[in-house]
There are 2 protein chains.
Amino acid sequence: MSVDEWADLTPTARTILGFVAQHPRSGYDIREAARRSVSYFWGVSDGQLYPQLKLLAELGLIESPQEDPGARSKSVWHITPAGRAALTKWIRSPSAPLRMRDENLVKMMFAAELEPAEVLRLVDERRKSFEWFAKNVASPGPAQSWQADQKLGSRTTSELLHEYGKQHTENALAWCDQVEEALRGIANDRA
Amino acid sequence: MSVDEWADLTPTARTILGFVAQHPRSGYDIREAARRSVSYFWGVSDGQLYPQLKLLAELGLIESPQEDPGARSKSVWHITPAGRAALTKWIRSPSAPLRMRDENLVKMMFAAELEPAEVLRLVDERRKSFEWFAKNVASPGPAQSWQADQKLGSRTTSELLHEYGKQHTENALAWCDQVEEALRGIANDRA
DNA sequence: ACCTCATATCTCTGTCAGATATATCTGTCA
DNA sequence: TGACAGATATATCTGACAGAGATATGAGGT
């Protein structure tokens with residue numbers, strides 16, 4: 001593999017590589033791991049996952065013990081030395097700018113010219129989605145045995161990452177409160 | 001236009017419709033407005049903008065005074081009654097789930113197994129990008145004359161939206177502090 | 001023997017971002 | 001009045017990507 005080839009990998013492919021680097025995994029494992037751990041700041045879709053695994057294998061960055069494992073049987077991938085080198089280089093290169101799509105907020109902006117009741121509906125929708133999120137994603141799962149998780153002082157990196165998600169969620173919920181309070185202000189004016 | 005046609009619009013098209021609804025705008029205006037106001041929770045890419053404008057016009061949701069204005073002269077779009085109805089229906093329908101791509105955080109997760117120095121580099125990168133953001137995007141521009149901005153108690157909706165962006169940013173920066181502090185903890189252990 | 005659910009992979013469609021190309025308009029200094 | 005820079009304005013193309021759904025396999029129960 002030439003030095004330039006890994007540079008062409010998509011961000012998704014590199015993320016997948018990172019998961020395989022942590023410990024050997026199948027495609028399905030990666031999907032589940034991504035769901036649990038990074039789903040609020042990164043999504044890995046099926047449509048990408050398997051083709052990218054194949055690509056990474058072709059580039060020699062990952063490999064699976066049994067060659068051509070017949071049809072749909074599970075194949076467990078592990079990282080090669082070349083893969084590990086590629087991963088490190090990726091981590092050291094500049095990151096893509098943050099990107100977000102939050103349709104609820106966009107609507108909120110345009111709802112400014114509508115009834116206060118519309119804004120209230122949107123805030124309610126927002127609150128519900130973040131509450132769901134707090135329950136299902138932002139809480140840290142049990143520590144995994146394979147995790148050689150760097151201790152950063154008293155806390156592990158994955159604890160810190162979950163902390164970030166938690167703070168983000170609480171912040172969003174607090175903002176919902178602020179908007180509702182402002183809306184109650186109107187109601188009081190009119191009463 | 002049938003009721004079903006507007007339902008097929010993409011989220012991007014609906015966002016564009018929202019901008020035109022606020023007041024008449026050209027494609028370029030929309031692009032700039034999106035840059036200033038929503039760029040941190042929604043992106044409108046050039047590749048989408050003009051085709052979608054054309055589509056909205058074909059559906060009769062927006063129109064431009066001069067028909068076929070020859071070549072590349074500026075055309076200013078304004079919303080039609082049908083367009084306004086479509087917009088309202090959109091705002092009342094369920095929103096797409098929030099989506100995010102934050103490559104820096106992903107790297108942070110995988111850097112857990114590397115040197116603390118790598119994590120430090122990533123935190124530094126993160127801080128810089130959010131500081132840039134605080135300066136260039138998260139601050140409210142001057143109020144526009146066309147803004148019939150709903151007063152929610154003492155504050156307008158756009159003030160509240162900017163407030164959200166600001167809180168998000170401050171939160172992210174505070175988290176950078178936390179991580180760095182944890183890293184200093186290590187340094188002290190070793191000293 | 002059948003059913004059901006979790007596991008596992010693959011494919012297809014349409015959305016989308018970013019880069020790039022290109023035309024027009026406006027001011028400004030010669 | 002003409003050349004030029006820089007802002008305004010529109011258009012196109014490529015490849016990344018999400019989400020849905022199709023398909024297959026195994027384990028456990030009835």
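As a basis for the values below, the full set of heavy atoms in this structure was taken, side chains included, without hydrogen atoms, waters or symmetry mates. We name chains A, B, ... by the order of the sequence lines, and we start the count at 1 in each one.
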Given dC17(D), dA8(C), dA17(C), which nucleotide is nearest the side-chain atoms of Ser45(B)?
dA17(C)

Return no unless some side-chain N or O of [X] is found under 4.0 Å from OP1 or OP2 of [N].
X         : N       : value
Arg101(B) : dA16(D) : no
Ser75(A)  : dT9(C)  : yes
Thr10(A)  : dC17(D) : yes
Tyr50(B)  : dT10(D) : yes
Thr12(A)  : dC17(D) : yes
Arg31(B)  : dA9(D)  : no

Round to the nearest Å and state the distance from [X] atom [atom1] to [N] atom [atom2].
X        : N       : atom1 : atom2 : answer
Arg35(B) : dG18(C) : CZ    : P     : 10 Å
Glu32(A) : dC5(C)  : CD    : P     : 17 Å
Tyr28(B) : dG6(D)  : OH    : C1'   : 10 Å
Leu49(A) : dC10(C) : CG    : C1'   : 11 Å
Gln48(B) : dA19(C) : CD    : C1'   : 14 Å
Leu55(A) : dA16(D) : CG    : C1'   : 13 Å
Asp46(B) : dA9(D)  : CG    : P     : 13 Å
Arg25(B) : dT10(D) : CZ    : P     : 14 Å

Presence of salt bridge, Glu118(A) and Arg121(A), under 4.0 angstrom
yes

With a 4.5 Å cut-off on side-chain heavy atoms, are Val106(B) and Trp90(A) touching?
yes

Does some side-chain heavy atom of Asp177(A) sit less than 4.5 Å from a side-chain heavy atom of Arg127(A)?
yes

Specify the residue among Trp42(A) and Leu53(B) whose closest nucleotide of DNA chain D lies further upstream toward the 5′ end.
Leu53(B)

Can you work out whether Arg99(A) or Pro51(B) has the more 5'-proximal nearest nucleotide on DNA chain D?
Pro51(B)

Complementary nucleotide for dA30(C) - Watson-Crick or wobble, under 3.5 Å:
dT1(D)

Nearest heavy-atom pair of Leu17(A) and Leu56(A): which atoms, and what distance?
N-CD1, 4.1 Å

Shortest non-hydrogen separation from Leu122(B) to Ala111(B) and the atoms involved:
CD1-CB, 3.7 Å

Regarding Gly47(A), tell me which of base, sugar-phosphate or nothing describes its non-hydrogen contacts under 4.0 Å with the strands shown.
base

